[in-house]
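Structure record follows, encoded as structure tokens.
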Amino acid sequence: MHTESSPSAAATTTAPAPAYTGAGLELKDLTLAYGDVEVVRDISLRVDPGTTTCIIGPSGSGKSTLLRGINRLHEPKSGDVILDGASTLGKHPDQLRRKIGMVFQHFNLFPDHTALENVALSPWKVKRLPKKTAFELARARLAEVGLRERADHKPRDLSGGQQQRVAIARALAMEPQVMLFDEATSALDPELVNGVLNLMASLSGRGMTMVVVTHEMGFARRAANQVVFMDEGQIVETGTPEDIFDRPQSTRLQRFLSEVL
Ligand SMILES: Nc1ncnc2c1ncn2[C@@H]1O[C@H](COP(=O)(O)OP(=O)(O)O)[C@@H](O)[C@H]1O
Ligand SMILES: [Mg+2]
């Protein structure tokens with residue numbers, strides 16, 4: 001049976017926590033479409049360096065498409081994505097994805113590789129670090145997410161929560177300036193959710209710039225600097241967690257919160 005480490009066990013396997021220097025991110029009038037159908041329209045948003053923005057909203061409101069547009073898994077129709085003060089739309093998507101890490105609902109690990117290999121592969125093959133350096137880096141990243149002792153396990157021998165932490169370590173191994181999370185805990189068994197949320201909160205507290213699409217309103221309340229409510233492809237409200245959860249202005253947000261809280 002897979003269980004998450006108890007807090008005391010995690011403490012013995014978690015390496016000293018490094019600080020991050022997340023970059024600022026700005027979306028300017030970003031529009032994304034599937035064919036002729038615009039599913040994200042004119043989104044403008046500022047994410048200050050080292051802060052966490054949580055995006056909430058009903059299913060189908062364009063949250064995933066927006067995240068995919070930020071790192072160009074989906075090519076924007078118009079608008080711009082400014083990273084660390086510079087437009088990214090002229091950049092090759094591969095270059096951009098080294099700077100913007102993404103973690104998905106389904107962990108997308110390579111099933112035939114160990115946890116360590118999953119984390120080391122991109123630094124080794126994409127960043128072209130020497131193999132030894134890439135594997136040392138991967139070990140450090142795994143330790144950082146509390147998985148030092150699981151380095152040689154294949155994904156099938158890890159719990160969902162552990163697999164997601166490997167996926168987070170894999171993204172961190174590229175030393176991104178921004179991390180995007182798309183419902184990173186939605187596929188997890190309930191008892192595994194908190195371990196991953198705690199790790200995300202810890203990254204957030206250590207200076208990573210994060211944009212987090214989540215259904216976990218408790219997480220948004222405690223970890224977000226700003227919360228964005230999206231509906232029908234647009235931002236309806238933006239504010240602090242207190243603004244959004246305690247003083248929702250629009251009837252759409254009030255209705256959404258009454259359904260999810
Ligand atoms: N590959 C696709 N082709 C066409 N339409 C899509 C595709 N993916 C998503 N959509 C549509 O785009 C809209 C936004 O979807 P999505 O970004 O996944 O929303 P969310 O993540 O908020 O649930 C929805 O209406 C969805 O049906
Ligand atoms: Mg989605």
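Counting from 1, the numbers follow the sequence of the chain as shown. Computed over heavy atoms, backbone and side chain alike; hydrogens, waters and symmetry mates excluded.
Under the 3.5 Å distance criterion, the side-chain polar atoms of Gln164 are matched with a main-chain donor or acceptor of Ala184. Using a distance-only test at 3.5 Å, with no hydrogens or angles considered, no donor-acceptor pair links the side chain of Ser186 to the main chain of Gln105. The backbone N or O of His92 sits nowhere less than 3.5 Å from a side-chain atom of Gln95 that would complete a donor-acceptor pair. Of the possible donor and acceptor atoms, none in the side chain of Arg41 sits under 3.5 Å from a partner among the backbone N and O of Gly233. Using a distance-only test at 3.5 Å, with no hydrogens or angles considered, a donor-acceptor pair links the side chain of Gln163 to the main chain of Pro155. At least one donor-acceptor pair closer than 3.5 Å links the side chain of Ser44 to the backbone N or O of Asp29. In this structure, the side chain of Ser159 engages the main chain of Gln162 through a donor-acceptor pair within 3.5 Å. Between the side chain of Lys131 and the backbone N or O of Trp124 there is no donor-acceptor pair closer than 3.5 Å. For the pair Gln226 (side chain) and Thr53 (backbone), a donor-acceptor distance under 3.5 Å is absent. The backbone N or O of Gly24 sits nowhere less than 3.5 Å from a side-chain atom of Thr209 that would complete a donor-acceptor pair.
Atom CG of residue Leu129 and atom CZ of residue Phe135 lie 11.5 Å apart, to the nearest 0.5 angstrom. Distance check: Lys63 NZ to Ile55 CD1 gives 9.0 Å after rounding to the nearest 0.5 Å. Atoms CE and CG, on Met102 and Asn71 in that order, are 6.0 Å from each other to the nearest 0.5 Å. How far CZ of Phe229 is from CD1 of Ile235: 11.5 Å, rounded to the nearest 0.5 Å. For the atom pair CG (Asn118) and CG (Leu109), the distance works out to 4.5 Å, reported to the nearest 0.5 Å. Atom CD of Glu75 is separated from atom CG of Leu32 by 9.0 Å, given to the nearest 0.5 angstrom.
When Val211, Thr214, Leu203, Leu67 are each tested for a side-chain contact (heavy atoms from CB on, under 4.5 Å) with Phe181, only one passes: Leu203.
Put simply, the side chain of Phe256 does not reach to within 4.5 Å of the side chain of Asp231, judged on heavy atoms. Inter-residue side-chain proximity for Asp243 and Gln249 is flagged as unmet; no heavy-atom pair is nearer than 4.5 Å. Glu232 has its side chain out of reach of Ser61: every pair of non-hydrogen atoms, C-beta onward, lies at least 4.5 Å apart. When side chains are defined from C-beta on, Thr185 does not count as touching Phe219, because their heavy atoms never get closer than 4.5 Å. Using a 4.5 Å heavy-atom cutoff, the side chains of Thr21 and Pro49 are not in contact. Contact check for Val166 versus Phe107: no side-chain heavy atoms found under the 4.5 Å cut-off.
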Pair Glu237-Ser250, side chain to side chain donor-acceptor pair (under 3.5 Å): steps then yes or no: CA-CA 8 Å; Glu237 269 183 63; Ser250 62; 2.7 Å; yes
Evaluation steps, side chain to side chain donor-acceptor pair (under 3.5 Å), between Ser64 and Arg68: CA-CA 6 Å; Ser64 294; Arg68 294 167 61 83; over 6 Å; no
Pair Arg221-Asp246, side-chain contact (heavy atoms from CB on, under 4.5 Å): steps then yes or no: CA-CA 10 Å; Arg221 199 186 255 283; Asp246 300 336; 2.7 Å; yes
Check against salt bridge (charged side-chain N to carboxylate O under 4.0 Å, His left out), Arg222 and Glu216: CA-CA 10 Å; Arg222 80 182 152 112; Glu216 298 287 340; over 6 Å; no
Arg150/Leu142 under side-chain contact (heavy atoms from CB on, under 4.5 Å): CA gap, chis, key distance, verdict: CA-CA 8 Å; Arg150 298 285 193 277; Leu142 279 179; over 6 Å; no
Derivation of the salt bridge (charged side-chain N to carboxylate O under 4.0 Å, His left out) call for Arg139 and Glu136: CA-CA 5 Å; Arg139 255 181 219 291; Glu136 282 167 5; over 6 Å; no
side-chain contact (heavy atoms from CB on, under 4.5 Å) between Arg165 and Val196, intermediate numbers included: CA-CA 7 Å; Arg165 285 191 275 152; Val196 172; 4.2 Å; yes
Criterion side-chain contact (heavy atoms from CB on, under 4.5 Å) on Ile244 and Ile56, from CA distance to verdict: CA-CA 10 Å; Ile244 295 295; Ile56 62 172; 4.1 Å; yes
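At a threshold of 4.0 Å, the pair Asp94-Arg97 counts as salt-bridged, since one of the basic side-chain nitrogens sits closer than that to a carboxylate oxygen.
Note on Ile168 and Val213: separate hydrophobic clusters, where clusters join Ile, Leu, Val, Met, Phe, Trp and Tyr whose side-chain heavy atoms are under 4.5 Å apart, directly or indirectly. Placement of Leu73 and Leu27 within a single hydrophobic cluster is found when ILVMFWY residues are connected by side-chain heavy-atom separations under 4.5 Å, directly or transitively. The cluster map of Ile, Leu, Val, Met, Phe, Trp and Tyr, joined by side-chain heavy atoms under 4.5 Å apart, puts Tyr20 and Val145 in the same cluster. Taking hydrophobic clusters as Ile, Leu, Val, Met, Phe, Trp and Tyr residues chained together by side-chain heavy-atom distances below 4.5 Å, Val37 shares a cluster with Met230. Both Leu45 and Ile70 are assigned to one and the same hydrophobic cluster, defined by single-linkage of ILVMFWY side chains at heavy-atom distances under 4.5 Å.
When all heavy atoms of Ala171 and Gly101 are compared, the closest pair comes out as CB-CA, 4.4 Å. In this structure, Pro241 and Ala220 approach most closely via the heavy-atom pair CG-O, 3.8 Å. Thr52 and Ser204 get closest at one heavy-atom pair: OG1-OG, 2.8 Å. Considering every non-hydrogen atom in both Ala151 and Thr114, the closest pair reads O-CB, 3.5 Å. Annotation for Lys91 and Lys99: closest pair CE-NZ, 3.9 Å, computed over non-hydrogen atoms. In terms of heavy atoms, Arg206 sits closest to Glu144 at NH1-OE2, 4.1 Å.
The number of heavy atoms from other shown groups lying within 6.0 Å of CZ (Arg247) is above 12.
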